Engineer: 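Sharing a structure, written as structure tokens. Questions coming.
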Protein chains: 4
Amino acid sequence: MERKTEQPRRRPRADYLRNRERLLTAAAEVFRTHGGQATLEGVAKAAGVGIGTLYRHFPTREALFEAVYRREINEMVALAERLEGEADPVAALRQWVHANIRLIATKQGMLTALALAVDKSSEIYTYSYTSLTGAIARLLARAKEAGRMREDVTPEDLLLTLIGMCLVRTGPGFEDDVTRLADLFLDGLTKGQGDSGGM
Amino acid sequence: MERKTEQPRRRPRADYLRNRERLLTAAAEVFRTHGGQATLEGVAKAAGVGIGTLYRHFPTREALFEAVYRREINEMVALAERLEGEADPVAALRQWVHANIRLIATKQGMLTALALAVDKSSEIYTYSYTSLTGAIARLLARAKEAGRMREDVTPEDLLLTLIGMCLVRTGPGFEDDVTRLADLFLDGLTKGQGDSGGM
Amino acid sequence: MERKTEQPRRRPRADYLRNRERLLTAAAEVFRTHGGQATLEGVAKAAGVGIGTLYRHFPTREALFEAVYRREINEMVALAERLEGEADPVAALRQWVHANIRLIATKQGMLTALALAVDKSSEIYTYSYTSLTGAIARLLARAKEAGRMREDVTPEDLLLTLIGMCLVRTGPGFEDDVTRLADLFLDGLTKGQGDSGGM
Amino acid sequence: MERKTEQPRRRPRADYLRNRERLLTAAAEVFRTHGGQATLEGVAKAAGVGIGTLYRHFPTREALFEAVYRREINEMVALAERLEGEADPVAALRQWVHANIRLIATKQGMLTALALAVDKSSEIYTYSYTSLTGAIARLLARAKEAGRMREDVTPEDLLLTLIGMCLVRTGPGFEDDVTRLADLFLDGLTKGQGDSGGM
DNA sequence: CATGAATGAGCCTTCATTCAT
DNA sequence: GATGAATGAAGGCTCATTCAT
């Protein structure tokens, strides 16, 4: 008498969806301000729902974390994809970095909290790492083909450095500070044309 | 209610000092392995003393944290001072970075835990930031004077990038990974002589 | 606000009845395996209906409990009625005891769970106690009339002893163990003819 | 640096012992009145200590349960041992049964709660079962040797029947009711002399 | 009527901190 | 001064019950 698994299950109730949305938004905000050890009670309250509702949607703290995280990551990946068409490969790379910093800046702290709280061996970590690395890899390959980038730089190098730079910066001025830092780093890796680098 | 006057307070009992020492060592180890949310009971047990004793030495969790942190920072500063005599200023800088990575590697996780747990506006944060920045500033100044370093690089840039790079890396291979990353960064900032950089 | 008059309320929808049936069956099974603290959500799921439906049928946890209990009791009473025609009164008694043990054995745990969960002063307790006592009383009376049974034995004695023996036994071998125990008890109360008793 | 395990550890603090005592007493009382699902919070309050203290003494619900249970069992075993000297073996047996009922009566409900709450496969169950069975076995053996007891009766039969009879009875009149029931049972098993049995 | 999401009271458990020994 | 027991606030989680769809 079980419903066939493949059967497109009835669309979820409107309030279910609305609450899920609220919870994710609230969680992002709360994690951003209180860090990864924020209380779930607090998240529920911020979302304006009961604690039981939170648990129904995300049966473990990890589950909520993961859902929030996944959202953020997807934005960053989408960003990279949008830039693959860019003519100048180095410029594309730099743009992606800048755009990313801007993105991260808008949700100051959120990413930091997540990056630190997430278990390095969890599925979500692997997912995000792979997604982002893949996104950068394509931009990077084009820059190397054009002979404009040190050959020994890997996508991981870029990703980790960028994230690292974001992690140590906080507060107002974040975007400018990190952008300058990142440019400093990129300058050292690239050469030619429109690069802002130089001494 | 002030204690008499300026009278140098009686030298503490030997076991008092020994306990303090044990506590700091144990705390560093426990925080390293269990992260910043390790329990104080656990620290006390690791140190082989009662929880009451821990509290006598460090009346609050924060106080213990700060004491441990301060120790680590001091090591890093001492490292920089030792390198001020080095002939080649760029080499000195690179050496400091390498040595620091090595130092951090030996206490893997410790720094991360601390960086996370410490309140950005706390006294200890200011202290450590100032100490380290000062230490680097002197090394950096010499490199600039020798014309071997981009003029627009600040000590903060160096410090924060280094720390950021350490934060995103964990586990085995830490030291090599971060060293490569840091070298990549330094290459981009410097020019001339013994630099490992190039394309 | 009373519903019209004495008008026989419309016969319930077929699915309503089917759901009620399913719920009772599922509940008996779930209580049997999980004990009296099983969750209602679990019962609903086992019955293949929503929790809301369960509540429509049994507006409180107690109500469900009672309905399940009542069913079990009725089976035991029916058993006794079927044996009233039996020629040998002592044999009839013994048969009822054996049959009861068999019945209880088939739903191992169920009775225990119920016995535990039911409030001794509740209506259902009175009901079941009265029903069963009455059932035994008739069998017992005939045995006494035939001079085959100690005069000072009451129906309650029999009932409670039987239940007690069932409560302390669990797991495989239940039926044989309890049957032997019960026979031991009956032997002591009866005399004459086909009695299995003796020394 | 670990303290040698065999070393007679310093006598526990007075308040530690006092609290442990209070907790056990309170727990027995609370379990008796509220059954095995009573809240630990309630037990702590009844004992007049904080919930944390309860947890320090009994880190799990099971642990508390076990400690309470073990106490009760030990009393029953001690009872049996005291009766081994009795001249008439059947009388000794009957006395033990009576005494036990009296004992159980004084803590009405306690045993029931325990018997039902305890996991049949737990260590404490085995312990109590073995202890009690052993105690009865010795009394029973003497009665059989004297030819005053059915040979096919085991200590388990006696124990389980007794417990079963206690489980189904509650409230005032408990002691008299159960005693009558138990005598009825014993009468059937024994013969000769001072036995109260007969028809 | 059926459904299943929402709610929140209430229990469990941990741990920083205090305090008696 | 050292010790470790006591405390209780606070967060985690479950589940009976209500209510929107």
Side-chain angles (χ1 to χ4, degrees), chain A residues 9-20 22-23 37-45 47-57 59-61, chain B residues 12-16 18-20 37-45 48-64, chain C residues 12-16 18-19 37-45 47-62 64, chain D residues 9-20 23 37-45 47-57 59-61:
Chain A
R9 55 192 59 238
R10 186 199 320 239
R11 140 196 313 238
R13 276 164 50 167
D15 57 345
Y16 180 90
L17 257 22
R18 175 165 31 79
N19 279 337
R20 187 185 169 86
R22 278 191 190 174
L23 278 165
Q37 54 315 295
T39 77
L40 297 191
E41 205 89 33
V43 171
K45 186 161 301 175
V49 306
I51 181 67
T53 300
L54 185 153
Y55 271 91
R56 170 176 282 266
H57 285 270
T60 76
R61 164 178 279 266
Chain B
R13 283 166 43 171
D15 60 340
Y16 181 92
R18 179 164 31 78
N19 278 340
R20 186 185 168 86
Q37 43 334 281
T39 76
L40 296 192
E41 197 90 34
V43 170
K45 184 162 300 175
V49 306
I51 181 69
T53 302
L54 184 154
Y55 266 85
R56 171 166 296 272
H57 286 272
F58 308 100
T60 133
R61 161 177 265 268
E62 269 306 296
L64 173 59
Chain C
R13 282 164 45 169
D15 60 341
Y16 181 92
R18 178 164 30 79
N19 278 341
Q37 45 329 284
T39 76
L40 296 192
E41 196 90 35
V43 171
K45 183 162 302 174
V49 306
I51 180 70
T53 301
L54 184 155
Y55 266 85
R56 170 166 295 272
H57 286 273
F58 308 100
T60 132
R61 160 176 267 268
E62 268 307 295
L64 172 59
Chain D
R9 56 191 60 236
R10 186 200 319 240
R11 136 192 318 232
R13 277 164 48 168
D15 57 345
Y16 180 91
L17 258 22
R18 177 167 30 79
N19 279 337
R20 187 186 169 86
L23 278 165
Q37 55 314 294
T39 77
L40 298 191
E41 204 90 34
V43 171
K45 187 160 301 177
V49 306
I51 181 66
T53 301
L54 184 154
Y55 269 89
R56 170 177 282 267
H57 285 270
T60 76
R61 164 178 278 266

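Numbered from 1 within each chain, the chains take letters A, B, ... in sequence-line order. What you see is a predicted model; the values in this text were computed from it and never measured.
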Engineer: Mind checking the CG-NE2 spacing from C:N19 to C:H57? Nearest 0.5 Å is all I need.
Structural biologist: 5.0 Å

Engineer: Just how far, in rounded Å, is C1' of F:dA5 from CG of D:L23?
Structural biologist: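 These atoms are roughly 12 Å apart.
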
Engineer: What are the atom names and distances for every N/O pair under 3.5 Å that joins the protein to nucleotides 18-21 of chain F?
Structural biologist:
none

Engineer: To the nearest 0.5 Å, what is the distance between CD1 (D:I51) and OG1 (D:T39)?
Structural biologist: 7.5 Å

Engineer: Taking CG from B:L40 and C1' from E:dT14, how many angstroms apart are they, rounded to a whole number?
Structural biologist: 13 Å

Engineer: CD/B:Q37 to CZ/B:R61 distance, rounded to the nearest 0.5 angstrom?
Structural biologist: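 The distance works out to 8.0 Å.
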
Engineer: Expressed in angstrom and rounded to an integer, what is the separation of C:K45 atom NZ from E:dG4 atom P?
Structural biologist: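 Answer to the nearest Å: 10 Å.
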
Engineer: From CZ of D:R61 over to P of E:dC11, roughly how many Å is that when rounded to an integer?
Structural biologist: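 Computing the D:R61:CZ to E:dC11:P distance gives 11 Å.
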
Engineer: Return the OH to OG1 distance between A:Y55 and A:T60, rounded to the nearest 0.5 Å.
Structural biologist: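 The OH atom of A:Y55 sits 8.5 Å away from the OG1 atom of A:T60.
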
Engineer: Hey, which of these two, D:T39 or A:V49, hits DNA chain E nearer its 5' end, going by closest nucleotide?
Structural biologist: A:V49

Engineer: Starting at the 5' end of DNA chain E and moving along, which residue's nearest nucleotide shows up first, C:E41 or B:T60?
Structural biologist: C:E41

Engineer: How many Å lie between CZ on A:R20 and C1' on E:dG4, as a whole number?
Structural biologist: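 The distance from CZ of A:R20 to C1' of E:dG4 comes to 16 Å, rounded to the nearest Å.
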
Engineer: Over all heavy atoms of both residues, which pair between A:L54 and A:L40 is shortest? Give the atoms and the distance, please.
Structural biologist: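 Of all heavy-atom pairs spanning A:L54 and A:L40, the closest is CD1-O, 3.5 Å.
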
Engineer: Given atom CG of A:L54 and atom C1' of F:dT14, what is their separation to the nearest angstrom?
Structural biologist: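 Going from A:L54 (CG) to F:dT14 (C1'), I get 14 Å.
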
Engineer: Is the phosphate of E:dC1, meaning OP1 or OP2, less than 4.0 Å from a side-chain N or O of C:N19?
Structural biologist: no

Engineer: Wobble G-U and Watson-Crick pairs count when both distances are under 3.5 Å; given that, what is the 5' to 3' dot-bracket string of DNA chain F, with | for pairing to other strands?
Structural biologist: .||||||||||||||||||||

Engineer: Could you state the interatomic distance from CZ (A:R18) to CG (A:L23), rounded to the nearest 0.5 Å?
Structural biologist: 11.0 Å

Engineer: Side-chain N or O of D:H57 versus OP1/OP2 of F:dA6: is the shortest distance under 4.0 Å?
Structural biologist: yes

Engineer: Are OP1 or OP2 of E:dA2 and a side-chain N or O of C:R56 less than 4.0 angstrom apart?
Structural biologist: yes

Engineer: Would you say a side-chain N or O of B:T53 is under 4.0 Å from OP1 or OP2 of F:dT3?
Structural biologist: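 Yes, within the criterion.
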
